[in-house]
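Written below as structure tokens is the structure these notes are about.
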Amino acid sequence: MTLKEKSLFLHRKYKGKIEIKTKIKMDSQDVLSWAYSPGVAEPCRVIANNPNEVDTYTNRGNTIAIVTDGSAVLGLGNIGPKAALPVMEGKAALFKSFGGVDAMPICLDTQDPDEIIQICKALAPTFGGINLEDISAPKCMKILDTLERELDIPVFHDDQDGTAIVVAAALINSAILVNKGLNSLEITLCGTGAAGNAIARLLKSMGIHKIYAYNKDGVIQKANYDTYDYAIQGIIDDNIIDEKPSRNNNTLADLIENTDVFIGVSVGDLVTESMIKSMNDKPIVFAM
């Protein structure tokens, strides 16, 4: 049985990967009377008088909403909310298995960023945090920025925050291995979408001063500001992206030459062997 066949077989057999279980056995009239009616009215009254007690008397503080619109699922693209559900169930299984956190897939039948924002805000009383997942750029950045400002619970976008954290951790370790200081590194970043934007911001906050960027339209330069979208304008406005001091700075090959790190979060087959050889000694390459 191939991997694909086994995956389909197991998903069919178990009807997905997650379920809801009670923490107590509902096996007597006494238990029913305090877990539900009439006893459940007491924690309701306490929370009504002091909403901050909700995490004391419910599972909200250990429950995450995994929210997607299905517009950028894995490498599958815009496949919609129903087709995204197996991935969201998988993420919920990871939360539970490795973190002990209960997570609920919320697959939305809208791809309007303003609607997604409003839905997440309306869901917030039920959840201790929101994990945005597989939402396409650049709208995912608007959604994340708005929810972080307007909600009082953590909001995390896997494709932005998650990717940036992994890259930062790997870069710290790699710099130690090649005996280079983080603040001395010159980095070429290929791809300025959700992941590239978040990576650049996190690395800059770590004290890395020279980050050059490239995307499908070419080398990112301030002179072309008006042609860029919301995401790229943001990293220019915040002085995240630098311009390489060179007469020839128009291609990815120009950008990579004499730099220490290449981070690829775009399409494949853009970088050649000669381009890697043009980098500084002991180059670090994250081909993602």
Co-members of the apolar cluster containing [X] [side chain, <4.5 Å]:
X     : result
Leu8  : none
Leu3  : none
Phe98 : Leu94

Looking only at side chains, do [X] and [Y] share a donor and an acceptor under 3.5 Å apart?
X      : Y      : answer
Asn131 : Asp158 : no
Asn215 : Thr192 : yes
Asn179 : Lys282 : no
Lys17  : His11  : yes
Asp69  : Ser71  : yes

Consider only side-chain heavy atoms of I, L, V, M, F, W and Y, link residues closer than 4.5 Å, and tell whether Ile187 and Ile256 are in one cluster. no

Does one hydrophobic cluster hold both Met88 and Ile64, with members joined at side-chain heavy-atom distances below 4.5 Å? yes

Between Asp242 and Lys210, does any side-chain N to carboxylate O distance fall below 4.0 Å? no

Check ion pair Lys21-Glu19 (N to O, under 4.0 angstrom): yes

Step-by-step side chain to side chain contact (heavy atoms under 4.5 Å, CB included) determination, Leu171 to Val261: CA-CA 9 Å; Leu171 189 59; Val261 182; 3.9 Å; yes

Restricting to non-hydrogen atoms, name the atom on [X] and the atom on [Y] that form the minimum distance, rounded to 0.1 Å.
X      : Y      : result
Ile66  : Ala92  : CD1-N, 3.4 Å
Asn197 : Ile232 : ND2-N, 4.5 Å
Val155 : Glu148 : O-OE2, 3.6 Å
Asp159 : Asp134 : OD2-N, 3.0 Å
Met279 : Thr259 : CB-O, 3.4 Å
Val265 : Gly191 : CG2-O, 3.7 Å

Please name all residues satisfying side chain to side chain contact (heavy atoms under 4.5 Å, CB included) with [X], sequence neighbours left out, ordered by chain then number.
X      : value
Glu257 : Lys244, Ser278
Glu42  : Arg45
Asn224 : Gln221, Thr227, Tyr228
Asp112 : Thr110, Asp114, Glu115

Is it true that a side-chain atom of [X] and a backbone atom of [Y] form a donor plus acceptor pair closer than 3.5 Å?
X      : Y      : answer
Thr146 : Ile143 : no
Thr68  : Glu133 : yes
Lys204 : His209 : yes

Applying side chain to side chain donor-acceptor pair (under 3.5 Å), name anything that partners [X], two or more places apart in sequence or on another chain.
X      : value
Glu186 : Tyr212
Ser274 : Thr272
Lys277 : Glu273
Asn183 : none

Could you list all the salt bridge (Lys or Arg N to Asp or Glu O under 4.0 Å) pairs where at least one residue sits in residues 222-239, not counting sequence neighbours? Arg201-Asp238

Qualifying residue, where the test is side-chain contact (heavy atoms from CB on, under 4.5 Å) with Ile117 and the options are Leu144, Leu151, Leu147: Leu147

Quick check on side-chain contact (heavy atoms from CB on, under 4.5 Å): which of Val178, Asp281, Leu185 does Asp260 satisfy it with? Leu185

